[in-house]
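In this text, all values refer to a predicted model and were calculated from it rather than measured experimentally. Lettering follows sequence order; numbering is per chain, from 1.
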There are 2 protein chains.
Amino acid sequence: MNVHSLVLTKLKLRSQLSQAACVAIETAPFVFRDIPAGAQIVRDGGPPAAQCSIVLDGVAIRSKTTRSGGRQIAAIEIRGDFLDLAHLFLDIADHDVEALTPLRVAAIERDILRDLALEHRDFGRALWTEALVEASIAREWMTNLGRRDARTRVAHVLCELAVRSQAVGLAAPDTLLLPWTQEQLGDVTGLTPVHVNRMLRSLEDDGLIARRGRQVQIVDRAGLRAAGEFEPRYLHLVEIAQPGAAAA
Amino acid sequence: MNVHSLVLTKLKLRSQLSQAACVAIETAPFVFRDIPAGAQIVRDGGPPAAQCSIVLDGVAIRSKTTRSGGRQIAAIEIRGDFLDLAHLFLDIADHDVEALTPLRVAAIERDILRDLALEHRDFGRALWTEALVEASIAREWMTNLGRRDARTRVAHVLCELAVRSQAVGLAAPDTLLLPWTQEQLGDVTGLTPVHVNRMLRSLEDDGLIARRGRQVQIVDRAGLRAAGEFEPRYLHLVEIAQPGAAAA
DNA sequence: CGTACCCTTGAAAAAAATCAACTTAAGTGG
DNA sequence: CCACTTAAGTTGATTTTTTTCAAGGGTACG
């Protein structure tokens, strides 16, 4: 599929775009790029990425490492999310960006994206929206990390991943393939891998999820959401598939 | 002092502005507004603020409340910070914004600020920078909440507040007036007020800080930074006053 | 000078981390 | 195809950290 129409599809998920903005995007030099799993795209303290990308397939993470060696994952980027929008107008990176799985992205030069953002109202608005939604997710994660116990945290993350994956057509409703290890899940939730394991088991024992390897099936959606105090409003999805309603 | 020149001063702290952008700002309808302590400016789930403001004096917080009643403060806004930039392009608020102390702000209609952001390159860049820096702080806070122990967390927050206050001329170097209770400090660090109290005492016992009421004096800056694993780079301050160097 | 509201401190309980095996699963080379 | 190797998952026992509970003590302000 054409790289430009993929980009347009992503942006239209959340924002309306004028004819002019569509033309601008279609003539902009987006190119496909493949990034191998494990690649470090941005390094904390180094320069921002020369190219800014939209994830088409795969999973990337933003993370920070403390002096004492702990790692905190600060964002998960899946299909439709931007890599390194966070540094678009900053000179020095304040965190790492890493490909967790092989990544396929639509890449564009950073300078060109900046120009687009500042010159085209609709495109600018679309980019702003993306950035503000990511900030909203960050606030929810702070709440998760600071004020919820381990079991609630894990359940919350599972709910978020399920909803986001489903919203971009990555997974069947309530099915979830975790591309990461329990250690990485611990880096998301601020827990040790051992404790993540126990919490997953607890959720499974209570009949909220079922697991086979890293495949997680949400058995009791309402129950898991209650266990995770999950309210999807913070994701600012324009069209959340209603339970029972077929997607348009 | 003139409200427009105050706004210009704030924006120039981080971004260069062209002549045209300055003129645009000076002709924009910024007005002074006073907001009493405790006022709720934005309510989670409600509409964004009709006016967007830059804090001139006082302290405001963004926070979320969990279903089980815990509160997490997700951002602290002091002089020069924007109130409700977070919702500039979103339709429903995803968190509360509240005046912690009496607030004096430069307010402007949300729609007008959006137009300014989209029409004037330099102003747009300045606003983007503010938003991205706030997102960077959020990532550091996630790391603090998820991966640092209680004492380190408290020390880190103290360091951040000291640096940010000093950067906008709010406090003498290494002096800090906490306008909040230990309970509120707990809502920042994800700790109980009792434990915040113990951690403050621990930092004091180790000679890193001194307290008299809510006035905190940083006695050993390097020591406190080490205790808090504090590295100010994530604040993206263009001009951090160097120790010993007088501000220009 | 009383009355809130916060701060402080101790003791006990709960949550999560750590330590230490052991099991399973996946991948590799014979 | 199987044995071997390695990484990840699982489980129990123990220790540490943090919360909870409870009782004073200070301080500001009417």
Salt bridge or not between [X] and [Y]? Use side-chain N to carboxylate O under 4.0 Å.
X       : Y       : result
K10(A)  : D81(A)  : no
E204(B) : R211(B) : yes
E134(A) : R139(A) : no
K64(A)  : D96(A)  : no
R151(A) : D206(A) : yes
R225(A) : D220(A) : no

message = If you go through the side-chain atoms of R198(A), does one of them form a donor-acceptor pair with the base of dG9(D) closer than 3.5 Å?
response =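 Absent.
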request  = Let me know which of D187(A), T66(A), T65(A) forms a side-chain hydrogen bond (donor to acceptor under 3.5 Å, both in side chains) with R147(B).
outcome  = D187(A)
task = May I have the distance from L145(B) (atom CG) to dT18(D) (atom P), rounded to whole angstrom?
result =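 To the nearest whole Å, that distance equals 13 Å.
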task = Can you tell me the distance, in whole Å, between the CG atom of L203(A) and the P atom of dG9(D)?
result =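 Taking CG of L203(A) and P of dG9(D), I get 16 Å after rounding.
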ask   = Taking only N and O in the side chain of N197(A), is any of them less than 4.0 Å away from OP1 or OP2 of dT10(D)?
value = yes
inquiry  = What is the first contacted nucleotide of DNA chain C and what is the last, in 5' to 3' order, if contact means an atom lying under 4.0 angstrom from a heavy atom of chain B?
reply    =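 Range of nucleotides within reach of chain B: dC6(C) to dA11(C).
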key: Pair T175(B)-Q217(B), side-chain donor/acceptor within less than 3.5 Å   =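 Yes, Q217(B) and T175(B) have a side-chain donor paired with an acceptor closer than 3.5 Å.
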ask   = Is it true that the side chains of Q72(A) and S63(A) contain a donor and an acceptor less than 3.5 Å apart?
value =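 On atom types as modelled, these side chains do not qualify, holding no pair under 3.5 Å.
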query = Between V42(B) and A93(B), which heavy-atom pair has the shortest distance, and what is it?
reply =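 So the two residues come closest at CG1-CB, 3.4 Å.
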message = Going by salt bridge (charged side-chain N to carboxylate O under 4.0 Å, His left out), name the residues that satisfy it together with E98(B), two or more places apart in sequence or in a different chain.
response = R71(B)
request  = For R43(B), look at atom CZ and say whether over 12 heavy atoms of other residues, nucleotides or ligands are found less than 6.0 Å away.
outcome  = no
request  = Determine, stepwise, if the pair D84(A) / R110(A) fulfils salt bridge (Lys or Arg N to Asp or Glu O under 4.0 Å).
outcome  = CA-CA 9 Å; D84(A) 220 29; R110(A) 174 182 140 98; 5.6 Å; no
N/O contacts under 3.5 Å, protein versus nucleotides 14-17 of chain D?
none

ask   = Going by heavy atoms closer than 4.0 Å, what residues in residues 204-218 of chain B are next to DNA chain D?
value =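 Listed by number, there are none.
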key: T152(A) side chain vs R148(A) backbone, donor-acceptor pair below 3.5 Å   =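 Between the backbone of R148(A) and the side chain of T152(A) there is no qualifying donor-acceptor contact (under 3.5 Å).
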message = Under 4.0 Å, heavy atom to any atom of DNA chain C: which of residues 175-194 of chain B qualify?
response = T181(B), Q182(B), V194(B)
query = Would you call the rings of Y234(A) and H156(A) parallel, tilted or perpendicular, where under 30° means parallel and over 60° means perpendicular?
reply =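 Judged by the thresholds at 30° and 60°, the geometry between Y234(A) and H156(A) is parallel.
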For nucleotides 28-30 of chain D, list the nitrogen or oxygen atoms of the protein found under 3.5 Å from its nitrogen or oxygen atoms, one pair per line.
none

